[in-house]
Amino acid sequence: MSEQRETEKQQPDADLVRAARDLTPALYALSRVLRFQGMDEAGLWRLPPSELELMRYVHAEPGVTVSVLARELGLHASNVSATVRGLVNQGLLEREKDPNDGRVVRLKPTLKAEQGMALIENAWAEIFADALAVLSDEQRTALAASVPAMEALGAALKERRTRQVGGA
């Protein structure tokens, strides 16, 4: 095994593991709120969490392919294809042939989906604003200051998954 591979396989620092054990449940609880609230508050259709996750990804990365979606979401391509078919039938996704390669199909959210996501995100903002209102000024400041770190953490987790899937 190469030296680099051995370094990648080493266990993280014990202090980092303790910090992650504290942070992970809090992030998971926030994630649950986002997955299970917002659509009803926005007066929209009720998508299962897996469909909402797929829609969020396409919303963030218009033009993504089914194979990339499957890899990024950790799902089988056949399951993603079936979900995409259902979302196309609901008028939430469009399939477009890649102009450079007619064999490749790219996914884009429809106007209906874009408008729906905006309503959901507004509902999430209101839900969070209500919750933020009961926190202290110091807590709100700390949360606002943590946004860049959370974005960097998300990017690092995505990169880690990409390395794992690519190396598997």
Side-chain angles (χ1 to χ4, degrees), residues 20 23-132 140-168:
L23 185 59
T24 303
L27 292 176
Y28 185 78
L30 291 173
S31 172
R32 283 186 55 82
V33 169
L34 291 176
R35 282 196 320 266
F36 295 112
Q37 292 184 352
M39 286 182 277
D40 290 339
E41 288 83 350
L44 294 176
W45 64 94
R46 184 79 175 167
L47 292 178
S50 60
E51 289 183 9
L52 179 60
E53 183 65 23
L54 191 145
M55 286 299 305
R56 295 274 313 138
Y57 196 96
V58 174
H59 177 76
E61 300 285 337
V64 68
T65 63
V66 168
S67 60
V68 169
L69 261 177
R71 183 179 68 238
E72 291 296 319
L73 298 178
L75 302 169
H76 291 284
S78 60
N79 292 342
V80 171
S81 291
T83 301
V84 165
R85 264 191 310 279
L87 292 168
V88 166
N89 290 340
Q90 292 177 59
L92 298 173
L93 284 181
E94 295 176 342
R95 292 184 181 111
E96 274 186 11
K97 288 195 180 215
D98 186 303
N100 300 318
D101 185 348
R103 299 170 295 175
V104 176
V105 175
R106 302 208 172 268
L107 303 172
K108 296 189 177 183
T110 62
L111 180 59
K112 175 182 174 182
E114 291 287 346
Q115 292 169 337
M117 289 308 299
L119 290 171
I120 291 168
E121 288 171 354
N122 288 338
W124 284 337
E126 289 178 17
I127 290 165
F128 270 61
D130 286 346
L132 287 170
R140 286 193 298 270
T141 299
L143 285 169
S146 73
V147 170
M150 292 291 173
E151 289 171 342
L153 178 60
L157 289 168
K158 184 177 179 181
E159 174 61 28
R160 181 179 187 274
R161 173 146 178 80
T162 300
R163 280 194 319 270
Q164 287 177 334
V165 171

Value for CD (Glu53) from OG1 (Thr83), rounded to nearest 0.5 Å, stands at 12.0 Å
To the nearest 0.5 Å, atom CD1 of Ile127 lies from atom CG of Leu132 at 12.0 Å
Here the salt bridge (charged side-chain N to carboxylate O under 4.0 Å, His left out) pairs for residues 56-70, sequence neighbours left out, are Arg56-Glu121
Of all heavy-atom pairs linking Val58 and Pro109, the shortest is CG1-CD, 3.6 Å
Which residues satisfy the side chain to side chain contact (heavy atoms under 4.5 Å, CB included) test with [X], sequence neighbours excluded?
{"X": "Thr110", "result": "Glu94, Lys112, Ala113"}
{"X": "Glu126", "result": "none"}
{"X": "Leu75", "result": "Leu73, Val80"}

Would the distance check show the side chain of Thr24 and the main-chain N or O of Ala20 forming a donor-acceptor pair, the cut-off being under 3.5 Å? yes
### Query
Taking Arg106 for the side chain and Arg95 for the main chain, is one N or O donor matched with an acceptor at less than 3.5 Å?
no
Using side-chain heavy atoms (C-beta onward) and a distance below 4.5 Å, is Glu51 in contact with Leu87?
yes
Should Leu54 and Leu69 count as side-chain neighbours, where that means a heavy-atom distance under 4.5 Å?
-> yes
The side chain to side chain donor-acceptor pair (under 3.5 Å) partners of Lys97 (sequence neighbours excluded) come to none
- Task: Starting from the C-alpha separation in whole Å, work towards a yes-or-no answer on side-chain contact (heavy atoms from CB on, under 4.5 Å) for Thr65 and Val104.
- Result: CA-CA 8 Å; Thr65 63; Val104 176; 3.7 Å; yes
Exercise. Kindly determine whether Leu27 and Leu23 satisfy side-chain contact (heavy atoms from CB on, under 4.5 Å), including the steps that lead there.
Key: CA-CA 6 Å; Leu27 292 176; Leu23 185 59; 3.7 Å; yes
| task | Verify side-chain contact (heavy atoms from CB on, under 4.5 Å) between Leu107 and Val88, making sure each step is shown before the conclusion. | result | CA-CA 10 Å; Leu107 303 172; Val88 166; 5.5 Å; no
Show the atom names and distances, to 0.1 Å, of all donor-acceptor pairs under 3.5 Å that link a side chain in residues 143-159 to residues at least two apart or in another chain.
unit_1: Ser146; atom_1: OG; unit_2: Leu143; atom_2: O; d: 2.7

